[in-house]
Amino acid sequence: MSTKHLDKIVALCKRKGFVFPNSEIYGGLKASYDYGPLGVELKKSISEIWWNSMTRLYSNIVGLDSSIMVHPDVWEASGHIANFNDPLTDNKDSKKRYRVDDLLAQQKTKVIDSLCEILSIKNNNDNETIDNISQFLLKNSNEWKSALSEAGVIDPFSGNVGNWTEVTQFNLMFQTNAGPSEKTGKSIFLRPETAQGIYINYLLVQNSMRLKVPFGIAQIGKAFRNEIIARNFIFRTREFEQMEMQYFVKPSEDNEAMKFWKKERMDFFSTKLGIDDKNLRFHEHSEDNLAHYAKAAFDIEYNFPFGWGEIEGIHNRTDFDLKQHEKHSGKNLTYFDPIENEKYHPYIIETSTGLNRLFLMVLCEFYHEDTNNNRTVLKLPFDLAPNKLVICPLLKKDGLPEKSNEVFNKLSKEYRCIYDEQGSIGKRYYRQDEAGTPFGITVDHETLENNSVTIRERDTMQQHRVEINKISEFINDKKN
RNA sequence: GCGAGUGUAGCUCAGCUGGUAGAGCACAACCUUGCCAAGGUUGGGGUCGCGCGUUCGAAUCGCGUCACUCGCUCCA
């Protein structure tokens with residue numbers, strides 16, 4: 001596979017109505033995409049398969065749909081605000097990026113002296129002075145664009161004075177105001193992950209459903225991250241859809257639960273979505289690479305045309321989040337275990353996957369170029385295909401369109417069907433191959449005599465003669 | 001965010017050193033066609049990403065901007 005391959009998928013997505021660039025008539029909006037008529041069906045199919053498998057296959061997992069906007073203190077508690085508010089600068093020469101306070105802490109005193117002089121900041125030769133400098137540079141970045149270079153701030157990587165960019169701050173979270181007036185409105189954030197909505201509701205869910213540990217809460221919803229860079233089509237976008245399941249366990253049983261979910265989630269991709277094992281692998285986060293809340297973390301990665309990329313994270317978040325929310329809210333968030341007769345904060349095993357990434361994965365996995373027959377085929381499994389059947393009159397005359405409409409009306413009650421009478425029959429088959437439609441039903445003159453049609457299979461191009469009232473039976477038998 | 005490259009019809013692209021926009025495919029109508037694309041006729045569709053500038057005149061040159069691709073960087 002190659003990048004060329006991805007380009008072809010992007011082109012197919014636009015051509016056939018899977019994915020369009022957002023705001024295209026205005027020149028586009030970076031890393032923002034819209035899902036077209038076929039795309040919305042595929043996306044829904046994937047999320048339905050996930051939702052059904054989570055909430056039906058496991059009797060101790062229930063669903064939730066929490067709101068995108070929550071009390072701002074939630075993000076204080078979760079660590080999202082504290083961990084992402086550092087002023088940064090880039091050295092254009094070495095192309096390295098630094099936190100300004102870290103960078104200044106590594107400078108000789110004369111550099112700090114000189115900075116204080118340039119900026120007229122009181123110099124106490126301490127960390128506070130460094131903080132003052134970096135905050136000042138952040139607030140006045142326009143005026144003092146070149147202050148760092150002027151003062152001779154050294155790049156520890158190159159050992160030379162850096163060619164520094166103006167100091168900027170990256171905010172992961174989208175911030176806005178609740179209430180129509182900016183003055184009186186409260187500052188709120190669009191959620192950067194759906195998980196927190198589960199944590200703050202976990203006791204309400206547990207009580208209302210009379211759940212006992214271990215139990216899980218599943219949720220599908222949009223999340224927003226102000227990514228510094230967004231690349232690779234819909235792989236990393238600022239607005240995206242998460243499918244998360246947070247599993248609450250006895251702290252002593254966390255390792256076992258991790259093991260269980262690692263296997264379950266890997267199986268999901270291979271058996272439920274039909275992804276080839278050789279395109280899937282685990283990636284374990286090394287200890288010094290773990291997020292601030294995690295004890296252990298595994299990613300499931302897929303072999304995309306642009307390389308291996310994360311499609312799901314399975315993390316042991318311990319009791320970090322619940323304890324944080326307890327601390328910040330002042331409410332008791334312990335779970336009472338009636339069997340052990342004790343109270344504790346459950347450990348949380350998180351399985352978190354990105355719907356948009358699965359969408360891209362599915363397209364990459366099932367995109368095929370059939371060079372023998374000179375056609376492009378999207379070999380989507382039946383359950384994922386946006387349209388299941390295409391109904392075609394062999395010819396656009398002799399009452400065949402009318403008969404086809406009858407067949408269409410009958411079958412569309414059961415399957416998502418599409419009707420096509422335009423062009424030669426072969427062309428119509430090929431058109432639908434590219435859109436992933438698994439079966440073609442063709443009405444011909446014989447149909448008028450004995451009510452039988454031709455069913456043509458997308459992947460093998462084989463044809464079968466089937467009576468109209470046995471079509472469902474045939475398809476249900478053949479579809480997987 | 002930094003660096004490099006790209007941006008002409010829905011798609012893939014042509015358009016040499018500046019002189020009033022082209023092809024193939026796709027799409028639509030009619031004909032042809034009796035089961036696997038590319039047969040015929042006709043037609044719709046582009047202020048050449050956007051803006052400013054240089055010029056008598058710019059798709060073609062310059063600057064800016066937006067978007068995409070690649071590398072670096074970042075990634076709760």
Exercise for review: Give a yes/no answer on whether the side chain of A/N232 brings an N or O atom under 4.0 Å of OP1 or OP2 in B/rC70.
Suggested key: yes

Check your understanding: Looking only at atom types and distance, does a side-chain atom of A/Y202 sit under 3.5 Å from a main-chain N or O of A/L333, one as donor and one as acceptor?
Key -> yes

Check your understanding: Considering every strand shown, what is the Watson-Crick or G-U wobble mate of B/rA76 when both distances are under 3.5 Å?
Key -> none

Practice item. Would you classify A/D433 as touching base, sugar-phosphate or nothing, given that sugar-phosphate means primed atoms plus P, OP1 and OP2, and contacts are heavy atoms under 4.0 Å? Key: nothing

**Study point:** Sole residue of A/R456, A/K379, A/R428 in salt bridge (Lys or Arg N to Asp or Glu O under 4.0 Å) with A/D433
**Key:** A/R456

Practice item. Return the 5'-most residue of the pair A/R225, A/M461 with respect to RNA chain B, ranking by each residue's nearest nucleotide. Key: A/M461

Check your understanding: Can the ring centres of A/Y347 and A/F248 be said to be less than 6.0 Å apart?
Key -> no

Point to revise | Integer angstrom distance from the P of B/rG43 to that of B/rG24 | key: 14 Å

Check your understanding: Base, sugar-phosphate, or nothing: which does A/A31 touch, judged by heavy atoms less than 4.0 Å apart?
Key -> sugar-phosphate

Check your understanding: Who is the Watson-Crick or G-U wobble partner of B/rA21, with both distances under 3.5 Å?
Key -> none

Point to revise | Rounded P spacing from B/rA4 to B/rA76 in Å | key: 29 Å

Review point. Say you pick atom C1' in B/rU41 and the same atom in B/rU33; how far apart are they, in whole Å?
Key: 15 Å

Review point. Is A/K30 near enough to B/rC66 that one of its side-chain N or O atoms lies under 4.0 angstrom from OP1 or OP2?
Key: no

**Study point:** Verdict with reasoning, A/F18 to A/Y35, per ring-ring contact (aromatic ring centres under 6.0 Å, His included)
**Key:** CA-CA 6 Å; A/F18 282 95; A/Y35 290 78; 9.7 Å; no

Exercise for review: Rounded off to whole Å, could you give me the CD1-to-P distance for the A/I9 and B/rC11 pair?
Suggested key: 17 Å

Study note, to complete from the structure: Scanning all shown strands, the Watson-Crick or wobble mate of B/rU41 with both distances under 3.5 Å is B/rA29

Review point. What is the nucleic acid contact for A/D398, judged by heavy atoms within less than 4.0 Å: base, sugar-phosphate only, or nothing?
Key: base

Exercise for review: May I ask which nucleotide in the shown strands pairs with B/rA14, Watson-Crick or G-U wobble, both distances under 3.5 Å?
Suggested key: none

Exercise for review: Answer with yes or no after comparing the ring centroid distance for A/H464 and A/F474 against a 6.0 Å cut-off, counting only values under it.
Suggested key: yes

Point to revise | Between P of B/rC66 and OH of A/Y26, the distance in whole Å | key: 18 Å

Point to revise | Nearest-angstrom distance from the residue atom CZ of A/F20 to C1' of B/rC11 | key: 13 Å

Point to revise | Same-atom distance (C1') from B/rG5 to B/rC75, integer angstrom | key: 25 Å

Practice item. Choose from B/rC11, B/rG34, B/rA76 the nucleotide whose nearest atom is closest to any side-chain atom of A/H80. Key: B/rA76

Practice item. Tell me the partner of B/rA67, counting only Watson-Crick (N1-N3 plus N6-O4 or O6-N4) or G-U wobble (N1-O2 and O6-N3) with both under 3.5 Å; none if nothing fits. Key: B/rU6

Study note, to complete from the structure: Closest of B/rC35, B/rG34, B/rC11 to the A/D444 side chain is B/rC35

Check your understanding: Any ion pair linking A/E193 and A/K222 (charged N to carboxylate O, less than 4.0 Å)?
Key -> no

Review point. If we take the P atom in both B/rC48 and B/rG19, what is their distance in whole Å?
Key: 15 Å

Check your understanding: How far does the C1' atom of B/rU20 sit from the matching atom of B/rA38, given to the nearest Å?
Key -> 34 Å

Practice item. Answer with yes or no whether the side chains of A/Q219 and A/S66 bring together a donor and an acceptor at under 3.5 Å. Key: yes

Exercise for review: Find the distance A/E76:CD to B/rA76:C1' and express it as a whole number of Å.
Suggested key: 15 Å

Check your understanding: Taking a pair as Watson-Crick or G-U wobble with both distances under 3.5 Å, which nucleotide is matched to B/rC61?
Key -> B/rG53

Practice item. State which of B/rC75, B/rC35, B/rU12 makes the closest approach to the side chain of A/R236. Key: B/rC75

Exercise for review: Write down the distance separating the C1' atoms in B/rC56 and B/rC11, rounded off to the nearest Å.
Suggested key: 38 Å

Revision key, fill the gap. Per nearest nucleotide of RNA chain B, the residue lying toward the 5' end, A/R317 or A/K14, is A/K14

Practice item. Rounded to whole angstrom, note down the C1' distance from B/rA26 over to B/rA9. Key: 11 Å

Check your understanding: Rounding to a whole Å, what distance do you find between A/I25:CD1 and B/rG10:C1'?
Key -> 15 Å

Review point. What integer distance in Å separates A/F235:CZ from B/rC70:P?
Key: 12 Å

Check your understanding: Do A/K478's NZ or CZ and the ring of A/F439 fall within the cation-pi criteria of under 6.0 Å and 45°?
Key -> no

Study note, to complete from the structure: If pairing means Watson-Crick or G-U wobble with both distances under 3.5 Å, then the partner of B/rG46 is none

Exercise for review: Just compare B/rA38, B/rC11, B/rA76 and give me whichever is closest to any side-chain atom of A/S424.
Suggested key: B/rA38

Review point. Heavy atoms under 4.0 Å, any strand shown: does A/Q463 hit a base, just sugar-phosphate, or nothing?
Key: base

Exercise for review: May I ask you to check whether A/H80 and A/Q196 show a side-chain donor-acceptor distance below 3.5 Å?
Suggested key: no

**Study point:** No-H, no-angle donor-acceptor pair, A/R456 side chain to B/rC36 base, under 3.5 Å
**Key:** yes

Exercise for review: Determine the sole option in A/T454, A/I425, A/V453 for which the side-chain contact (heavy atoms from CB on, under 4.5 Å) test with A/L394 is passed.
Suggested key: A/I425

**Study point:** Spacing between A/L394 atom CG and B/rU32 atom C1', to the nearest angstrom
**Key:** 14 Å

**Study point:** Whole-Å gap separating P (B/rA76) and CD (A/Q242)
**Key:** 13 Å

Nucleotides 23-31 of chain B: which of its N/O atoms have a protein N/O under 3.5 Å away?
residue	atom	partner	partner atom	Å
B/rC27	OP1	A/R431	NH1	2.4
B/rA29	OP2	A/Q422	OE1	2.8

Revision key, fill the gap. Considering only heavy side-chain atoms of A/Y33, the closest of B/rG34, B/rC68, B/rC35 is B/rC68

